[in-house]
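Here the structure comes first, spelled out in structure tokens, and everything after it is commentary.
Keep in mind the model is a prediction, meaning the values are calculated, not measured.
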Amino acid sequence: MLSTAPSSRPIQRSHCILIFSVLLLLRLACAFRFRVDADEPQHLHVIWGWVNGYLPYRDLFDNHGPVFHVLLSPLFSLLGERPDILVPMRLAMIPLFAVCLWCLYRIGTSLFSRNVGICAAVLTGFFPEFFLTSAEFRTDVLWTVCWLLALVIVTGKSFERKQAFLTGFLLGTAFGITVKTGLMIGSLGCWGLLTLVYAWSKGGVAVVRPLVVKALVGLAGFAIVPCLAMLFFVMQGAGQQFLYYNIGFNLVPHTQNGRVSMRMSSGFRSLS
């Protein structure tokens, strides 16, 4: 009788508890001992501004969306100004890190199997760049949560109008965290158009119509957070500053996003 291959055996719960306990201990150690990245004090300064009545973009500099800072402001206010404020704010990133790993587990399970989902979560959790970057207090952690939650919905058993709206809302929230989301939205948009063309070639209008409806519902969900943010800053008389520091500043040549956009533009010009 053939023995069961090790790869087909279900991963034991006790093993998972041990592995993720080690991961949690390492994350706790990083919160106290890992070096401080230059972005972390910037985010703390912006949150300090919200708590003390200053308006970002108008009264102080920031080149990120407002969602992350607004959501973390109550915690900062509760903790108060203190020399070690970075430590508890880093600790607040651990639940978001856990949500990321759960999302990877769900995606892997939906597409392949439970074992694949667990392995995806474990390997990603210990991957140095992801582990160390997510240990910092930065917008990227919440931004990654929004993207992965959207992928959990997309890879689920069904994708109807409700799921399309929630996906759009999560992506719109990600855009409200950082406009870097625009690059990934552009990629999704291109693949969406290709999907519509393929569906048209296979089934015509009858197949394309429900896809277009879901896309429009998703766009409606996407617009909620960016539009509310824009409306708020316009009402505060800072709409122009809000647009410039979120979009214009990030596209000027000396910034990282500006260099990327310039390389992309050069590539398109060379193809033309």
Side-chain angles (χ1 to χ4, degrees), residues 64-72 95-118 120-121 124 134 139-235 239 242-243 246-247 250:
H64 301 84
V67 173
F68 176 80
H69 304 118
V70 169
L71 293 178
L72 272 295
L96 299 179
F97 175 74
V99 173
C100 288
L101 298 186
W102 177 84
C103 288
L104 291 166
Y105 164 75
R106 290 296 307 164
I107 294 169
T109 301
S110 297
L111 296 178
F112 300 101
S113 67
R114 177 178 175 273
N115 279 8
V116 171
I118 293 174
T124 304
S134 62
T139 57
D140 304 84
V141 185
L142 182 59
W143 179 74
T144 304
V145 168
C146 292
W147 270 99
L148 289 177
L149 285 174
L151 292 178
V152 169
I153 296 174
V154 170
T155 57
K157 294 182 179 179
S158 63
F159 191 78
E160 302 301 329
R161 295 181 185 181
K162 178 180 178 181
Q163 286 80 6
F165 180 83
L166 289 175
T167 301
F169 179 78
L170 287 167
L171 297 181
T173 303
F175 190 80
I177 295 171
T178 172
V179 295
K180 290 184 293 186
T181 308
L183 297 173
M184 300 177 74
I185 293 295
S187 177
L188 283 177
C190 291
W191 281 107
L193 289 176
L194 291 175
T195 301
L196 289 177
V197 171
Y198 178 78
W200 179 278
S201 66
K202 293 297 182 181
V205 177
V207 177
V208 171
R209 184 181 291 113
L211 296 178
V212 172
V213 171
K214 292 175 185 177
L216 293 175
V217 171
L219 286 174
F222 177 86
I224 293 175
V225 172
C227 288
L228 287 176
M230 185 65 202
L231 178 63
F232 171 80
F233 283 99
V234 168
M235 293 176 63
F242 173 72
L243 286 176
N246 269 277
I247 299 176
N250 288 305

Please report the closest heavy-atom contact between [X] and [Y], naming both atoms and the distance.
X: R161; Y: V217; result: O-CG1, 3.4 Å
X: L148; Y: I107; result: O-CD1, 4.0 Å
X: A199; Y: L211; result: CB-CD1, 3.7 Å
X: V179; Y: N246; result: CG2-O, 2.8 Å
X: L149; Y: C103; result: CD2-SG, 3.5 Å
X: G221; Y: F165; result: CA-CE1, 3.5 Å

inquiry  = Show, in sequence, the C-alpha distance, side-chain angles and deciding distance for D140 and K180, and conclude whether the side-chain contact (heavy atoms from CB on, under 4.5 Å) test is met.
reply    = CA-CA 10 Å; D140 304 84; K180 290 184 293 186; 3.2 Å; yes
If you measure from [atom1] on [X] to [atom2] on [Y], what distance do you get to the nearest 0.5 Å?
X: L166; Y: T173; atom1: CG; atom2: OG1; answer: 10.5 Å
X: K214; Y: Q163; atom1: NZ; atom2: CD; answer: 8.5 Å
X: C146; Y: L142; atom1: SG; atom2: CG; answer: 4.5 Å
X: F97; Y: T124; atom1: CZ; atom2: OG1; answer: 9.0 Å
X: T167; Y: K162; atom1: OG1; atom2: NZ; answer: 12.0 Å
X: T109; Y: L104; atom1: OG1; atom2: CG; answer: 10.5 Å

Quick one, [X] and [Y] - any side-chain contact, counting heavy atoms below 4.5 Å?
X: S134; Y: T144; answer: no
X: F232; Y: P66; answer: no
X: L228; Y: V225; answer: no
X: L151; Y: R106; answer: no

Expected output: side-chain T181 to main-chain T178 donor-acceptor under 3.5 Å =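 Present.
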inquiry  = Check the orientation of W143 and W147. Use parallel for under 30°, tilted for 30 to 60°, and perpendicular for over 60°.
reply    = perpendicular
request  = Using the ring-ring contact (aromatic ring centres under 6.0 Å, His included) rule, collect all pairs that involve residues 207-230, keeping only residues at least two apart or in two chains.
outcome  =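 Pairs touching residues 207-230 that pass the test: F175-F222.
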query = Can you list every ring-ring contact (aromatic ring centres under 6.0 Å, His included) pair that touches residues 183-208, not counting sequence neighbours?
reply = none
inquiry  = Within the supplied structure, the quantity of interest is the number of heavy atoms (other residues, nucleotides, ligands) at a distance under 6.0 Å from R114 CZ; does it exceed 12?
reply    = yes
